[in-house]
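Okay, structure first, notes after.
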Amino acid sequence: MELLETDDIAEFQKILRRNRWTLADFSLSATDTTDPKTDEVPALQGELTVRRKSTGQTKQYLISDSTSWLDLFRNDIKGGAFVGQDALQVRHRSSGTPKPSH
C-alpha cells in the first residue's frame, strides 16, 4: 500500500479537469510519517503538499485512513486556494468591482 494510491491520483486528475486545470501545472510531494516503532500494524500516515506551479500556491494535507485529502482539496478549490492574483483581478473587473489600488 502506498501513500498516494492510483485511484487517488485518478480522482485528483478528474478534479483538475473539472476546473479546467492541467496536471502539468501541479506537483504532488508526499512524505511518509507512519511511526515504525508501534507494536501494532500501523496504518499509513503522511503529509501531502500540493503546489500549483503557475501561481506558486501550495497547500498541505494529512494523509491517513481517517481523512480524505481529496475532499479537502475540493473544498480548497471552491474557496479559491489555488487561484492566483491575476485571476482574482480579472474576476473583480468582470463583476464591475473596481480593481483595488496599492
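When reading the values below, keep in mind they use all heavy atoms of this one structure, side chains included, and skip hydrogens, waters and symmetry mates.
- With sequence neighbours excluded, no residue forms a side-chain hydrogen bond (donor to acceptor under 3.5 Å, both in side chains) with T58.
- Across Q45 and S64, no two heavy atoms sit closer than the pair CG-CB, 4.4 Å.
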Show me the side-chain donor-acceptor pairs of residues 6-21 shorter than 3.5 Å, one per line, residues at least two apart or across chains.
residue: E11; atom: OE2; partner: R74; partner atom: NH2; Å: 2.6
residue: N19; atom: ND2; partner: I15; partner atom: O; Å: 2.8

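- Side-chain contact check for V83 versus T55: every heavy-atom pair is 4.5 Å or farther apart.
- Every residue two or more places apart in sequence or in another chain that forms a side-chain contact (heavy atoms from CB on, under 4.5 Å) with D32 is listed here: L3, T34, L44.
- Legend: residues meeting side-chain hydrogen bond (donor to acceptor under 3.5 Å, both in side chains) with Q60, ordered by chain and number and at least two apart, are T49.
- The heavy-atom pair separating Q57 from A81 by the smallest distance is OE1-O, 3.3 Å.
- Closest approach of T33 and G46 over heavy atoms only: OG1-CA, 3.3 Å.
- I63 approaches E47 most closely through the heavy-atom pair CD1-C, 4.3 Å.
- Ring geometry for F73 versus Y61: interplanar angle over 60°, hence perpendicular rather than tilted (30 to 60°).
- Residues forming a side-chain contact (heavy atoms from CB on, under 4.5 Å) with T22 (at least two apart in sequence, or on another chain): A24, D25.
- Grouping the Ile, Leu, Val, Met, Phe, Trp and Tyr side chains by contacts below 4.5 angstrom, directly or via other members, places L23 with I77.
- Nearest heavy-atom pair, R52 versus F82, reported as atom, atom and distance to 0.1 Å: NH1-O, 2.9 Å.
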